[in-house]
Each structure stands twice: as C-alpha cells, then as structure tokens.
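Working notes, beginning with the structure itself.
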Amino acid sequence: MKTIFEKSVQGKYQDIIPKCTLPEVTFPQELTRSAALELLEISETEMSRHYNQLAQRAYGVSDGMYPLGSCTMKYNPAVNEEVAALKGLTDIHPQQPASTVQGWLRILKIGEDYLKEVTGMDAVTFQPAAGAHGEYAGIRLIREYHMKNGDDKRTKVIVPDSAHGTNPATAAMCGYEVVSVPSDSEGGVDVEELSKVLGNDVAALMLTNPNTLGISDKNILEITEMVHEAGGLCYYDGANLNAILGIARPGDMGFDVMHMNLHKTFSTPHGGGGPGSGAVACKNILKGFLPGIKIEEDEEGMTMGLYEETMGPIGLYYGNVAVAARAIAYMLTLGKEGMVAVAKNAVLNANYMKTLLEKDYHIPYNEGCMHEFVISAEDLKKETGITAMDIAKSMIDNGVHPPTVYFPLIVHEALMFEPTETETKESLDRVSQILLDIRKEAYTDPQKLHEAPRKGQIRRPDEVGAARNPILVFEDGKDL
C-alpha cells in the first residue's frame with residue numbers, strides 16, 4: 001500500500017480551510033523560505049479512501065481477541081468516549097482559576113476517592129502520563145522520603161525477576177542500583193534469597209503483583225514485612241490491577257506506594273504507545289511529596305494547591321484529563337459489584353483458557369493463575385523446530401492477534417496470554433482450538449508454520465534486519 005505522500009498529485013486540492021479575511025502580512029526576505037513548502041496535494045475522496053484502507057489493515061479489539069499478556073487489551077464501553085469528549089472537559093484551560101473549573105475538580109476528587117478505596121491508599125495523583133512514568137513518580141517519592149530522613153546510604157532497589165521490564169529501568173533511572181531476586185519453584189519471590197539481599201542499604205522493593213507469570217505471591221505479607229523491618233519501603237506495580245480489583249488492596253498488603261495503568265484497567269483503548277495515565281497512590285508517609293495539584297473542598301467549594309513538600313511537577317497540570325475522565329466514568333458505572341465482577345471474570349477466563357491448553361502445551365507454573373498465564377514452546381521447538389514466534393505468526397493466519405512472546409525472560413520460548421474479562425467463552429474456545437491445531441500442524445507441516453503469516457497484510461519480515469538497519473526515508477528522499 002502506498003503512503004498518502006506517494007498518492008499526492010500536483011494540482012489536487014481540498015476546499016476545507018476558508019480563505020483568510022485578515023490583512024496580508026509580509027516578512028523580511030531573511031525570514032522567508034527559499035523553496036516552496038512541500039504540502040500534500042490530494043483530493044478529499046482519495047484522502048478519505050486512504051485512511052479507510054489503513055483502518056481496514058489494522059487489528060483491534062473490535063475485530064477480535066487481543067490476548068497480549070500484561071497489556072489488558074480489552075473491550076472498553078464507547079459511552080466513556082462520549083464522556084471524555086464533553087466540551088466542559090475538553091475546552092478548559094489548565095491555568096484557569098479553581099472557581100471556573102469546579103465541575104472538573106469535583107470529578108477528579110471523586111476519582112481520587114474511588115482509587116483510594118480501591119487501592120487502600122491515602123492519596124492519589126493523576127499527573128503521571130503512563131505506567132512507567134507512574135513507576136518513576138513512585139520511586140521518586142521513596143527517594144524523597146529517605147532523603148528527608150537523612151538516610152542517603154540506601155542506594156539499592158530490589159526487583160524480582162518476574163517483574164515488569166520497566167521496573168529495573170525505573171530504579172536505575174532514579175539513581176539506584178538494581179538488585180535482582182529469583183523466583184521460587186511456585187513462581188513467587190524466593191523469600192530466602194530476598195532475606196540475603198535485605199539490609200540498611202536497601203531503599204525499596206518493587207514488586208509486580210500478580211507478576212508476569214500471572215501468579216499472585218502467597219508470601220506477600222511476609223515479603224512487605226521483611227522489607228519494612230530492614231527500613232525499606234514497598235512499591236507495588238499495579239499494572240495488573242484488574243486481576244484483584246475490588247477484592248484485594250495493595251495498601252492492606254503492606255505497600256507504601258503504587259501506580260495504576262488507567263488505560264489498561266479503567267477503560268481507555270490501549271496500544272500503539274498511548275494514550276495513557278499512570279495514576280499514583282501512596283500512604284500518608286509519602287503524601288506530602290506528591291507531584292501535581294492537591295484538591296480539597298471547603299465552604300467556598302473545590303480548591304487546588306500544591307502538596308507541602310512536593311517533588312515538583314513531573315507532567316502537565318491535571319495529567320491526561322481524557323483518560324482520567326474515562327476511568328472515573330467507568331468506575332461510577334461499575335460500582336463495587338461491577339469492579340469485583342471485572343476481577344472474577346479476568347481470573348476465570350485466564351484459568352479456563354489455561355485448562356483448555358495445558359494438556360498439549362507446557363505451562364511451567366501451573367498451580368493456578370490470576371488474569372494471565374504463560375506457556376512454553378521449548379519442548380515443541382526441540383521436537384519440531386517450531387518456535388514461539390512461529391506459533392504467534394501462525395495465529396495471524398488464523399485471524400487472531402498473537403500474545404506477548406519471549407516474555408517473561410525466565411520462561412524459554414514464552415507465550416504470555418491475557419484473555420481479559422471481556423472475552424466470551426465462545427471466543428476463548430475458538431482461540432484455544434486454533435492453538436491446539438497449530439501444535440498438531442507443527443508435527444505434520446512445520447515448514448508452513450515457519451513461513452507464516454501467509455495471509456497477513458505483510459509476510460514475515462526480517463525483524464532483526466529491520467531493527468538494526470531501519471529504512472527511514474523514501475527512495476525519492478522524502479522523510480517518512
């Protein structure tokens with residue numbers, strides 16, 4: 001398919017922008033272009049067709065199951081899109097005085113109160129723009145806390161090997177040395193190994209729960225107590241919050257701070273790098289360091305200010321207001337019972353799909369899972385040469401988006417499935433049968449799987465070559 005720039009034809013135009021009625025202004029020659037600006041020249045009809053063709057080539061949750069592990073690519077109610085588009089939200093200016101944005105401040109306060117209840121924390125900020133940004137804010141809170149207490153010898157952050165990959169990167173970005181702790185035979189943190197690295201130089205533990213194996217650590221209360229006894233704080237990666245929503249709270253587990261991916265758990269279409277919101281919740285000991293605005297209510301209405309010892313802004317004003325609005329609308333719609341249903345269905349769907357596959361695929365940690373599970377194609381690779389990548393590409397030929405592959409790193413030839421709470425039993429049955437058929441085909445026609453996808457928009461690319469030698473310009477020299 002050609003790009004829209006390649007479809008440009010000299011002399012084509014669209015009468016979309018009305019002619020300017022203001023006086024023409026001329027500029028000195030040294031400030032003007034030496035060559036004409038290269039603008040797209042295309043008819044409205046051709047432009048409309050181009051973007052419709054692009055949409056037809058894309059795959060989303062409206063087309064079918066999208067089981068990316070740890071990403072929660074689920075169906076989100078369209079009504080929340082309408083809420084986020086209300087002019088009373090989209091037309092406000094970030095620097096308007098509080099008296100003119102009372103409605104928006106009250107909405108944010110409702111969102112804060114809901115999220116405090118959901119997480120068991122004491123304060124919330126919407127300012128972080130994404131999950132990793134929320135991690136950064138959380139670890140910065142911990143750093144501010146230790147610095148205030150004169151505890152500058154705490155230079156290490158412990159990260160289990162089953163954590164999200166952004167966790168060690170976040171700790172390093174905040175200036176800490178990252179210490180890895182292995183998993184035990186059941187997929188949780190190896191408590192004995194954890195005890196060996198705890199000391200007065202540890203600032204925090206960053207724990208993903210449920211972890212990337214889809215397992216909720218049964219020793220979590222013991223783990224947080226151990227860290228606190230060593231003088232460290234506990235950070236909870238809440239990207240997988242939809243697995244415990246309304247049932248268990250990180251604050252009750254002993255965690256001091258956490259982030260939530262509103263764009264995963266709370267109803268924003270997710271993928272392609274955004275949009276996102278990594279709201280952060282924390283206990284009172286960290287509350288004063290929070291970034292963003294502090295919303296309170298007095299006899300005159302809603303007010304906004306800064307936290308007493310704020311670390312300073314790390315994002316724009318209120319944060320991503322559209323994502324926050326969708327999340328708050330979603331929570332108000334669900335209520336307590338609905339949130340509990342989200343978690344129960346997420347866990348039910350993952351365990352159901354895992355049960356359908358476990359007789360034919362090797363599942364390294366198979367004691368029951370939460371919202372996602374990981375299978376390994378290592379045995380299949382040894383017997384047939386078919387890899388996790390071959391399976392993923394073959395799913396495309398069957399009209400299904402593949403799962404996360406080769407993660408977590410502690411499972412060889414990993415395929416990580418998260419069915420999400422919005423998939424039906426029929427959908428899970430269909431996708432599971434496709435996976436079972438692919439495994440059979442690995443023994444009867446492995447070459448076909450090596451060549452997959454045959455029916456996709458593109459055939460299998462040279463991914464290593466593309467990453468190492470990307471083509472960033474057209475042959476005619478125009479930038480992509």
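In this text the structure is predicted, and so the values were computed from the model without any measurement. All residue numbers refer to positions in the sequence shown, counting from 1.
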- Tell me, please, which residues at least two apart from Ser267 pass side chain to side chain donor-acceptor pair (under 3.5 Å). Asn80
- Query: Between the main-chain N or O of His146 and the side-chain N or O of Arg154, is there a donor-acceptor pair closer than 3.5 Å?
  - Reply: no
- Query: Any donor and acceptor pair, going by atom type alone, linking the side chain of Asn209 with main-chain N or O of Asp217 inside 3.5 Å?
  - Reply: yes
- Go through the steps for Glu383 and Tyr443 under the test side-chain hydrogen bond (donor to acceptor under 3.5 Å, both in side chains), then give the verdict. CA-CA 8 Å; Glu383 295 172 11; Tyr443 291 93; 2.3 Å; yes
- Polar side-chain atom of Asn351 near backbone of Cys369 as donor-acceptor pair, under 3.5 Å: yes
- Message: With a 4.5 Å cut-off on side-chain heavy atoms, are Met395 and Val431 touching?
- Response: yes
- Query: Considering only heavy atoms from C-beta outward, does the side chain of Glu413 approach that of Thr387 to under 4.5 Å?
  - Reply: yes
- Query: For Gln447, does the CD atom have more than 12 heavy-atom neighbours from other residues, nucleotides or ligands under 6.0 Å away?
  - Reply: yes
- Query: Any side-chain heavy atom of Ile139 within less than 4.5 Å of one from Ile142?
  - Reply: yes
- Item | Derivation and outcome, side chain to side chain contact (heavy atoms under 4.5 Å, CB included), residues Leu115 and Leu262 | CA-CA 10 Å; Leu115 291 178; Leu262 300 188; 4.2 Å; yes
- Task: Would you tell me whether Ser183 and Asp161 have side-chain atoms, one donor and one acceptor, within less than 3.5 Å of each other?
- Result: yes
- Message: Looking at every non-hydrogen atom in both residues, tell me the closest pair between Val118 and Arg249 and how far apart they are.
- Response: O-CG, 3.4 Å
- Report, as yes or no, whether the 6.0 Å neighbourhood of atom NZ on Lys294 holds more than 12 heavy atoms from other residues, nucleotides or ligands. yes
- Between the side chains of Asp429 and Gln433, is a donor N or O closer than 3.5 angstrom to an acceptor N or O? no
- Rounded distance [0.5 Å steps], CD in Glu186 versus NZ in Lys218: 3.5 Å
- Item | Heavy-atom side-chain contact between Thr125 and Cys282 under 4.5 Å | no
- Item | Arg460 side chain reached by Met389 side chain, heavy atoms, under 4.5 Å | yes
- Query: Sub-3.5 Å donor-acceptor pair from the side chain of Gln102 to the main-chain atoms of Ala98, do we have one?
  - Reply: yes
- Please confirm whether the backbone N or O of Leu435 pairs with a side-chain atom of Tyr361, one donor and one acceptor, at under 3.5 Å? yes
- Message: If I take atom CG from residue Leu245 and atom NZ from residue Lys336, how far apart are they, to the nearest 0.5 angstrom?
- Response: 12.0 Å
- Task: Kindly indicate, with the supporting measurements, whether the criterion side chain to side chain contact (heavy atoms under 4.5 Å, CB included) is fulfilled by Asp390 and Lys393.
- Result: CA-CA 5 Å; Asp390 292 326; Lys393 299 297 186 183; 5.8 Å; no
- Item | Test item: Tyr114 and Leu332 side chains (from C-beta on) under 4.5 Å apart, heavy atoms | yes
- What closest approach, in Å, do Pro408 and Ala414 show between heavy atoms, and which atom pair accounts for it? O-CB, 4.0 Å
- State the CE-CG distance between Met121 and Asp252, to the nearest 0.5 angstrom. 9.0 Å
- Item | Pairs flagged by ring-ring contact (aromatic ring centres under 6.0 Å, His included) wherever residues 245-266 is involved - sequence neighbours left out | Tyr236-Phe255, His263-His270
- Message: Checking the side chain of Asp256 only, and the main-chain atoms of Cys234 only, is there a donor and an acceptor separated by less than 3.5 Å?
- Response: yes
- Message: Can you confirm whether more than 12 heavy atoms, excluding those of Leu316, are under 6.0 Å from its CG atom?
- Response: no
- Note on the structure: In Val374, Val411, Leu68, the residue satisfying side chain to side chain contact (heavy atoms under 4.5 Å, CB included) with Met416 is Val374
- In Å, rounded to the nearest 0.5 Å, how long is the span from CG of Asn366 to CD1 of Ile375? 11.0 Å
- Looking at CG of Leu348 and CE of Met370, how far apart are the two atoms once the value is rounded to the nearest 0.5 Å? 12.5 Å
- About how many Å separate CD1 of Ile285 and CG of Asp122, when rounded to the nearest 0.5 Å? 9.5 Å
- Message: With a 6.0 Å cut-off (strictly less than), is the heavy-atom count around CE of Met173, excluding the residue itself, greater than 12?
- Response: no
- Task: Could you pull out the closest heavy-atom pair between Ala324 and Trp104, with the gap in Å?
- Result: CB-CH2, 4.4 Å
- Are any of the side-chain heavy atoms of Asn211 and Tyr365 separated by less than 4.5 Å? no
- Message: Looking at every heavy atom in both Ser432 and Leu357, which two are closest together, and how far apart are they?
- Response: O-CD2, 3.7 Å
- Task: Can you establish whether the number of heavy atoms outside Glu367 located under 6.0 Å from its atom CD is more than 12?
- Result: no
- Message: Keeping Asn219 on the side-chain end and Gly188 on the backbone end, is there a donor-acceptor pair under 3.5 Å?
- Response: no
- Task: Run the numbers on Asn167 and Thr170 for side-chain hydrogen bond (donor to acceptor under 3.5 Å, both in side chains), then give the verdict.
- Result: CA-CA 5 Å; Asn167 286 186; Thr170 294; 5.5 Å; no
- Has Arg140 got its NZ or CZ under 6.0 Å from the middle of the six-membered ring of Phe289, at an angle within 45 degrees of the ring axis? no
- Query: Closest heavy-atom contact between Ala322 and Ala84?
  - Reply: O-CB, 3.7 Å
- Query: Would you say Glu297's side chain and Thr303's backbone share a donor-acceptor pair under 3.5 angstrom?
  - Reply: no
- Do Arg439 and Asp379 pass the salt bridge (Lys or Arg N to Asp or Glu O under 4.0 Å) test, and can you show the C-alpha distance, the side-chain angles, and the key distance before you say yes or no? CA-CA 11 Å; Arg439 183 174 178 90; Asp379 61 333; 3.3 Å; yes
- Message: What I'd like to find out is whether the side chain of Leu286 reaches to under 4.5 Å of the side chain of Leu290, using heavy atoms alone.
- Response: no
- Query: Donor-acceptor pair, Arg459 side chain versus Ala452 backbone, under 3.5 Å?
  - Reply: no
- Message: Check whether Thr422 reaches the backbone of Tyr75 with its side chain - one donor and one acceptor, N or O, closer than 3.5 Å.
- Response: yes
- Message: Applying side chain to side chain contact (heavy atoms under 4.5 Å, CB included) to Lys148 and Glu144, what does each step give before you reach the verdict?
- Response: CA-CA 6 Å; Lys148 179 186 177 182; Glu144 296 289 333; over 6 Å; no
- Task: Verify the neighbour count for atom NZ of Lys381: are there more than 12 heavy atoms of other residues, nucleotides or ligands below 6.0 Å?
- Result: no
- Task: Begin with the C-alpha distance, continue with both residues' side-chain angles, and end with the deciding distance and a verdict on side chain to side chain contact (heavy atoms under 4.5 Å, CB included) for Tyr176 and Met206.
- Result: CA-CA 12 Å; Tyr176 286 108; Met206 294 185 77; over 6 Å; no
- Which of parallel (below 30°), tilted (30 to 60°) and perpendicular (above 60°) describes His401 and Tyr59? tilted
- Taking atom types as modelled and ignoring hydrogens, do the side chains of Thr72 and Glu418 form a donor-acceptor contact shorter than 3.5 angstrom? yes
- List the atom of Phe407, the atom of Ala163, and the distance in Å for their closest heavy-atom pair. CZ-O, 3.8 Å
